[in-house]
Amino acid sequence: MGDLPIVRFEEKIVETVKENPVVVVIGETGSGKSTQLPQILYRRGYAKSGIIAVTQPRRVAAVSVSRRVAQEQNVRIGEEVGYAIRFEDRTSEKTRIKYLTDGVLLRESLFNPELNQYSVIILDEAHERSLNTDILLGLMKRLIKWRHSNLKVLITSATLDGGKVSRFFSDCPVLTVPGELFPVEIVHISELPKSYVEASLKKAIDIHVREPEGDILIFLTGQVRVFSPPPPNCRRFIVSTNIAETSLTVDGVVYVIDSGYVKQRQYNPSTGMYSLEVVQISKVQAKQRAGRAGRTRPGKCYRLYPSTVYHDDFLDATIPEIQRSSLAGTVLYLKSLDLADMDILKFDFLDSPSVESLEDALKQLYLVDAIDENGSITSLGRKMAELPLEPSLSRTLLEANELDCLSQALTVVSMLSAETTLLPAPSKSSEKKRRHTLSNLPDGFGLGDHIQLLQIYEQWYQTDYNIDWCKENNLQVRGMVFVRDVRKQLSQIMQKITKGSLDVQTSNRRRGGKQEYKSLRKALCIGYANQLAERMIRHNGYRPLGFKSELVQVHPSSVLKSDEDGMLPNYVVYHELIVTSRPFMRNVCAVEMRWVVPILAKLDKLNVFKLSGGSSQPDNQIQEVTSTVEKKEITAVQPPEDRASMIQAARERFLARKGQK
DNA sequence: GAGCACTGC
């Protein structure tokens, strides 16, 4: 390994790091930056006063890279070289080089904001711009001011715009290390095809007929089954999503077909809805895809778009995750750090999320009681930030603890954390089977999907976590085991937060009936105060409250039942709004009017201007921001005419009851 | 009555 390109730059790297607190290292695939950079600094004594931390966006990468480095150092994993990922800490007092996911480093920073145990922090794969890496970039900028004398920060990436990061860190130096890829010939087609799926199929057959041996990797937006039956000889056709850009390395690939598209999840802060859209990839992504052809020998990349489209239409870089996600959790995290002069609208991000998105986050946090009407974090909010969950789910756990149904809530929340991986990938053959077996699973008494998830886990518990039971019921074993791990971790954190011995045991009793779930549903209602929907008067469509008014439906996969008149509950809370063919609420739970009334009152007095620190002295940049806020109509709920009086009456009853107490 | 890429604490 001594001849990796990066080693030839050792002197230059060491010299630059010595003179500067922050250094950007651009290294193409095959440069050895992830494995060699920490070893170089280790050799030069940088681990004497602290640990060298290397972050990775993915767990597998943290584990595999650390294993390779341990091997090169000739030590066992967990000794001088170790890793830390969720559920698994393979480090010891001897550890000097520590690989960890960026999520783990963020969590460590919550309890030790100065990260004193580290002398060097290397943020690897920064070009991927994961939400966590972006937060860390902002935190590092603050941290080097406090720890100027004893902390070195290195930002490394494959194709990141080095100049931009350098400017972000007060014009820090940028080192470029060449990679060891084989040349890849790029071929563009002359005009955009009508169908990129069809075009990629044609191109694949074309390569198969004309070109010498070598596997073909095809980047599409989903696993479309268009390549069956397989060709008669042994050439492999690998159809892949963007997973092969980063997570997956396929050996033997010589040809890449790049459709130029990717399916991307986007959050709309004004409607609270997620959507999955097929969008054009960025130049960075196109380069990444082409690079996959040159890992073992010279290769070819066929791009199913003209070069003019690449140059003129493609974005330089993918829109960072931070600009495509709901930021409630992120904002709560930053608020809980108690950074001096912390104003969330002024936090220094490499690419700032929109003001609208930040205000949406503040609004949500206010509704779940994590911040007060002035935008300051509450003691409840502090506890919520300690839980590795979305704010609505942390709020549910804390409320459940008050209502003596923590054990049930822990199960529901854990099941939701792995929900997508529970059911097996749909295929024609298993579809019937799944439907059949699902009918054998509990139905949540018609109260909704959260209750069903609880019942499923409790049944599994009663079989003593029997793997065969999962298989019989077509539940993914890995998913269920993951749920069990999450539940254990959350139980421990809850014990710590409440400083008490809690009853977190999964219930073993035979369940009585609907009444059994009342407290749990109330806790869910309070936790999901930001995800509450009201049914329309005469039909089963719903309107999410607190967002721009849009009509949504309960997802057809839901087990929520209607009453004798065919009507669904007046109010439900939902886990997620997702736009596919239409806007749907996924995972809903029926809630009662009397729990909803205080939330409606809160929605009424919502004042985003105050939440975003409207009283503070704005600087020029912020001036512009606040003026748009002032003009904007506050998105409080306007109940439909004839229901307004009903809500008012219920609210008065509620307040009267409260007064009596 | 739908049908959804990928991560992570």
Side-chain angles (χ1 to χ4, degrees), chain A residues 55-63 84-89 100-111 125 128-136 219-225 239-248 259 261-266 273-279 281 285 288 318 320-322 324-325 329-330 332-333 336 384-391 393-394 413-414 417-428 430-431 434-435 438 482 485-486 488-490 492-493 540 553-560 576-587:
Chain A
T55 69
Q56 295 290 329
R58 278 172 299 281
R59 299 157 56 98
V60 272
V63 175
I85 58 177
R86 189 179 190 178
F87 309 134
E88 202 182 359
D89 187 347
L100 70 176
T101 48
D102 41 24
V104 169
L105 187 62
L106 277 179
R107 218 114 279 276
E108 288 184 358
S109 149
L110 192 60
F111 302 103
E125 313 291 2
E128 290 186 24
R129 302 295 308 275
S130 78
L131 179 56
N132 287 340
T133 304
D134 268 22
I135 301 166
L136 282 172
F219 284 100
L220 288 176
T221 57
Q223 311 286 33
V224 196
R225 268 172 265 277
V239 182
S240 170
T241 61
N242 44 329
I243 189 170
E245 281 171 25
T246 50
S247 309
L248 210 111
S259 66
Y261 289 98
V262 67
K263 196 171 276 175
Q264 209 169 253
R265 191 176 148 101
Q266 254 149 255
M273 294 181 187
Y274 281 95
S275 58
L276 277 160
E277 281 163 47
V278 174
V279 297
I281 59 170
Q285 266 173 303
Q288 201 79 20
T318 314
E321 209 184 335
I322 200 164
R324 294 187 279 118
S325 315
T330 302
L332 179 60
Y333 173 85
S336 75
M384 288 165 61
E386 285 194 43
L387 289 154
L389 293 168
E390 295 156 38
L393 296 183
S394 345
V413 160
S414 307
S417 301
E419 205 266 332
T420 51
T421 51
L422 288 183
L423 295 177
S427 75
K428 279 267 162 68
S430 75
E431 187 67 13
R434 182 164 77 83
R435 239 179 255 181
L438 262 188
F482 180 80
D485 284 341
V486 172
K488 190 177 155 201
Q489 185 193 29
L490 295 177
Q492 286 166 349
I493 298 173
N540 279 334
Q553 310 287 334
V554 174
H555 197 274
S557 65
S558 174
V559 294
L560 184 75
E576 183 183 53
L577 284 180
I578 178 101
V579 185
T580 49
S581 56
R582 284 188 288 170
F584 289 111
M585 296 184 283
R586 275 192 47 198
N587 288 317

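Residue numbers start from 1 in every chain, and the chains themselves are labelled A, B, ... in the order their sequence lines are given, proteins ahead of strands. Predicted model, so just to flag it, every value in this text is computed and none were measured.
Taking the six-membered ring for Trp and the full ring otherwise, A:Tyr261 and A:Phe219 have centroids separated by 6.0 Å or more.
Looking at heavy-atom distances under 4.0 Å, A:Ser557 makes no contact with the nucleic acid at all. Among the atoms of the strands shown, only primed sugar atoms or phosphate atoms (P, OP1, OP2) are found under 4.0 Å from some heavy atom of A:Ile85.
Remark: A:Leu387 CG to A:Ile493 CD1 distance equals 5.5 Å, nearest 0.5 Å.
Counting to the nearest Å, the C1' atom of B:dA5 and the CD1 atom of A:Ile281 are 14 Å from each other. Remark: P of B:dG8 and CZ of A:Phe87 are 11 Å apart, rounded to the nearest angstrom. Residue A:Leu389 contributes atom CG, which lies 13 Å from atom P of B:dC9 at whole-angstrom precision. Across the protein-nucleic acid pair, A:Leu577 atom CG and B:dA2 atom C1' stand 16 Å apart, rounded to whole Å. Look at CG on A:Asn132: it is 10 Å from P on B:dG8, rounded to the nearest Å. Note: CZ (A:Phe584) to C1' (B:dC4) measures 12 Å, nearest angstrom. Regarding A:Asp102, its CG atom lies at a distance of 9 Å from the P atom of B:dG8, rounded to whole Å. To the nearest angstrom, P of B:dG8 lies 15 Å from CZ of A:Arg265.
A salt bridge does not link A:Glu277 to A:Arg324: none of the charged side-chain nitrogens sits closer than 4.0 Å to a carboxylate oxygen.
Below the 3.5 angstrom threshold, one finds a donor paired with an acceptor across the side chain of A:Arg586 and the base of B:dC4.
Contact annotation: A:Thr101 side-chain N/O to B:dC9 OP1/OP2 distance is under 4.0 Å.
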| task | Before giving the answer on side-chain contact (heavy atoms from CB on, under 4.5 Å), spell out for A:Ser417 and A:Leu389 the whole-Å C-alpha distance, their side-chain angles and the decisive distance to 0.1 Å. | result | CA-CA 8 Å; A:Ser417 301; A:Leu389 293 168; 3.8 Å; yes

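Side-chain proximity of A:Arg58 to B:dC6, B:dT7, B:dC4: nearest is B:dT7.
Remark on DNA chain B: of its neighbouring residues A:Pro556 and A:Arg59, the 5'-side contact belongs to A:Pro556, judged by nearest-heavy-atom nucleotide.
Looking at A:Glu386 and A:Phe111, their side chains come closer than 4.5 Å, going by heavy atoms from C-beta outward.
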